[in-house]
Amino acid sequence: MAKTRVLIVGGTGYIGKRLVKASLAEGHRTFILQRPEIGLDIDKLQVLMEFKRQGAELVEGSFSDHGSLVEAVKKVDVVICAISGVHFRSHNLLLQLKLVDAINEAGNVKRFLPSEFGVDPAQMEHALAPGRVTFDEKMTVRKAIEEAKIPHTYISANCFAGYFVGNLSQMETLLPPKHKVSIYGDGNVKVVFMDEEDVATYTIKSIDDPRTLNKTVYLRPPENILSQSELVGKLENLTGKSLDKACISKEDFLANMEGADFVMQVGLGHFYHIFFEGCLTNFEIGEDGEEASTLYPEVEYTRMHDYLNRYLDI
């Protein structure tokens, strides 16, 4: 049976390059949008060339050239967008509206997966400003997709381990704390932590699965639903050392937003919703959603105990 033709937009980025790798591993004919905006970014160019060597096909296209986007999406069955939506990197979520227009005009795409991969924005109508802009923009893109009647799947991947696990969810470092760790509230709110390689694997599994058509796929593998205190305990068990714990009340945490710059305010708001409100786990998955590890039990996902092992002796 012929494999699916997949176009990945943002294929040199943090999650995008993992999606390319996972798509190639599944044997799909994998295309990567090669944008002229790459300019003199030698690192991105070398990533593209390496993927080309591995069998990916590069297709030229630009968000500033509608015709090129239409021609690019005409080549494939599935489009996955992985452009950045975080403010401390680049933030380009609304560029996807141009991709929606191109997919709508081309008329051949069987599935579109927009750039989400985090908190489900449909659950965040109450989110604090200014961080709610991320969720509002994702919902704007969803509205355009659904109004155009484009077949779609949304991926809610929760917390990337690279940003939330090795550092025990400390905000201003990616490295494990040596002596002291800040605990949000009582530390017992449940969070979902995901190895980014597993995010890509589950995403690619979903692209031609009829069970995920026009639904949200939530990545909630049961052994990765942990509180911050449980995560800290895993590192302490691995190192044999206890960390001093400083609990931060929600009032003190939110007070940090006053006077902070825009990017920090966005981050603080997101952390508040995740670690104080429990926005990743405080709702049941409804009829418009599916849970990835239930759909694909064959995936041996990375447990956070094993993930933390790589941080020992750093």
Side-chain angles (χ1 to χ4, degrees), residues 13-26 47 82 84-86 88-89 116-120 155-185 187-206 217-245 267 270-271 273-275 278-281 291-314:
Y14 185 70
I15 195 66
K17 60 190 176 187
R18 292 170 168 85
L19 291 166
V20 174
K21 178 182 173 183
S23 180
L24 289 169
E26 283 289 312
V47 169
S84 176
V86 292
F88 61 86
R89 296 167 77 94
E116 297 218 354
F117 303 108
V119 179
D120 179 10
I155 303 294
S156 177
N158 301 303
C159 287
F160 288 171
Y163 286 104
F164 286 90
V165 173
N167 59 357
L168 302 182
S169 302
Q170 307 302 285
M171 286 199 68
E172 296 185 348
T173 181
L174 295 175
L175 296 172
K178 298 288 188 182
H179 307 291
K180 181 178 179 180
V181 60
S182 295
I183 300 293
Y184 306 118
N188 293 325
V189 171
K190 293 293 186 179
V191 180
V192 187
F193 302 101
M194 290 298 306
D195 185 315
E196 292 86 339
E197 307 295 334
D198 295 334
V199 171
T201 297
Y202 282 124
T203 299
I204 297 300
K205 291 277 186 185
S206 76
V217 176
Y218 296 91
L219 277 53
R220 285 187 184 179
E223 292 186 47
N224 285 3
I225 302 174
L226 303 166
S227 68
Q228 188 194 11
S229 291
E230 289 171 326
L231 186 66
V232 171
K234 287 182 180 296
L235 183 64
E236 289 178 327
N237 288 337
L238 285 169
T239 62
K241 300 176 182 177
S242 295
L243 295 167
D244 292 333
K245 300 167 184 70
H270 292 182
F271 265 63
H273 295 305
I274 292 167
F275 291 101
C279 68
L280 304 181
T281 59
E291 197 286 307
S293 66
T294 302
L295 290 177
Y296 313 113
E298 71 276 11
V299 175
E300 288 291 335
Y301 66 87
T302 301
R303 278 64 172 174
M304 292 304 103
H305 174 90
D306 295 324
Y307 191 91
L308 281 165
N309 259 312
R310 66 189 68 176
Y311 288 88
L312 298 183
D313 301 323
I314 289 183

Under 3.5 Å donor-acceptor, [X] side chain and [Y] backbone:
| X | Y | value |
| --- | --- | --- |
| Gln170 | Val181 | no |
| Thr302 | Asp195 | no |
| Asp198 | Tyr301 | no |
| Thr203 | Val199 | yes |

If you compare all heavy atoms of [X] against all heavy atoms of [Y], which two are closest, and at what distance to 0.1 Å?
| X | Y | value |
| --- | --- | --- |
| Gln228 | Leu168 | NE2-O, 3.2 Å |
| Pro222 | Ser293 | CD-OG, 3.6 Å |
| Leu235 | Pro176 | CD2-CB, 4.1 Å |
| Gly118 | Ser156 | O-OG, 3.0 Å |
| Phe193 | Leu226 | CE1-O, 3.7 Å |
| Val192 | Leu280 | N-CD1, 3.8 Å |

Can you list the steps and then say if His305 with Glu223 is a side chain to side chain contact (heavy atoms under 4.5 Å, CB included)?
-> CA-CA 10 Å; His305 174 90; Glu223 292 186 47; over 6 Å; no

Pairwise side-chain contact, Val191 with Asn158, heavy-atom cut-off 4.5 Å (strictly under) |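 Answer no - side chains too far apart.
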
Answer yes or no: is there a side-chain heavy-atom contact under 4.5 Å between His179 and Lys241?
->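 SC-SC contact between His179 and Lys241 ruled out.
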
Verdict with supporting geometry, Met304 and Asn224, side chain to side chain contact (heavy atoms under 4.5 Å, CB included) | CA-CA 7 Å; Met304 292 304 103; Asn224 285 3; 3.6 Å; yes

Taking the six-membered ring of Tyr307, is NZ or CZ of Arg303 closer than 6.0 Å to its centre and within 45° of its axis?
->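 No, a cation-pi geometry is absent between Arg303 and Tyr307.
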
Carboxylate-amine/guanidinium contact Arg220 Glu291, below 4.0 Å =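 No, no charged N to carboxylate O under 4.0 Å.
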
Could you state the interatomic distance from [atom1] ([X]) to [atom2] ([Y]), rounded to the nearest 0.5 Å?
| X | Y | atom1 | atom2 | result |
| --- | --- | --- | --- | --- |
| Glu236 | Lys234 | CD | NZ | 12.5 Å |
| Met171 | Phe164 | CE | CZ | 8.0 Å |
| Asp120 | Ile155 | CG | CD1 | 11.0 Å |
| Thr239 | Lys178 | OG1 | NZ | 9.5 Å |
| Ser229 | Asn188 | OG | CG | 5.0 Å |

Could you go step by step and tell me if Ile15 and Phe160 meet the side chain to side chain contact (heavy atoms under 4.5 Å, CB included) rule?
-> CA-CA 10 Å; Ile15 195 66; Phe160 288 171; 4.1 Å; yes

Run the side chain to side chain contact (heavy atoms under 4.5 Å, CB included) check on Leu295 and Lys205 step by step: do they pass?
-> CA-CA 9 Å; Leu295 290 177; Lys205 291 277 186 185; over 6 Å; no

For Tyr184, which residues count as a ring pair (Phe, Tyr, Trp, His ring centres under 6.0 Å) partner, sequence neighbours excluded?
->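 Residues passing ring pair (Phe, Tyr, Trp, His ring centres under 6.0 Å) with Tyr184: Phe253, Phe271, Phe275.
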
State which residues pass side-chain hydrogen bond (donor to acceptor under 3.5 Å, both in side chains) with Glu300; sequence neighbours excluded, sorted by chain then number.
->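 Glu300: no side-chain hydrogen bond (donor to acceptor under 3.5 Å, both in side chains) contacts found.
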
Kindly indicate, with the supporting measurements, whether the criterion ring pair (Phe, Tyr, Trp, His ring centres under 6.0 Å) is fulfilled by Phe117 and Tyr14.
-> CA-CA 11 Å; Phe117 303 108; Tyr14 185 70; over 10 Å; no

Hey, is CD on Glu298 packed in by over 12 heavy atoms from elsewhere, all under 6.0 Å?
->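 It does: Glu298 CD has more than 12 such atoms within range.
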
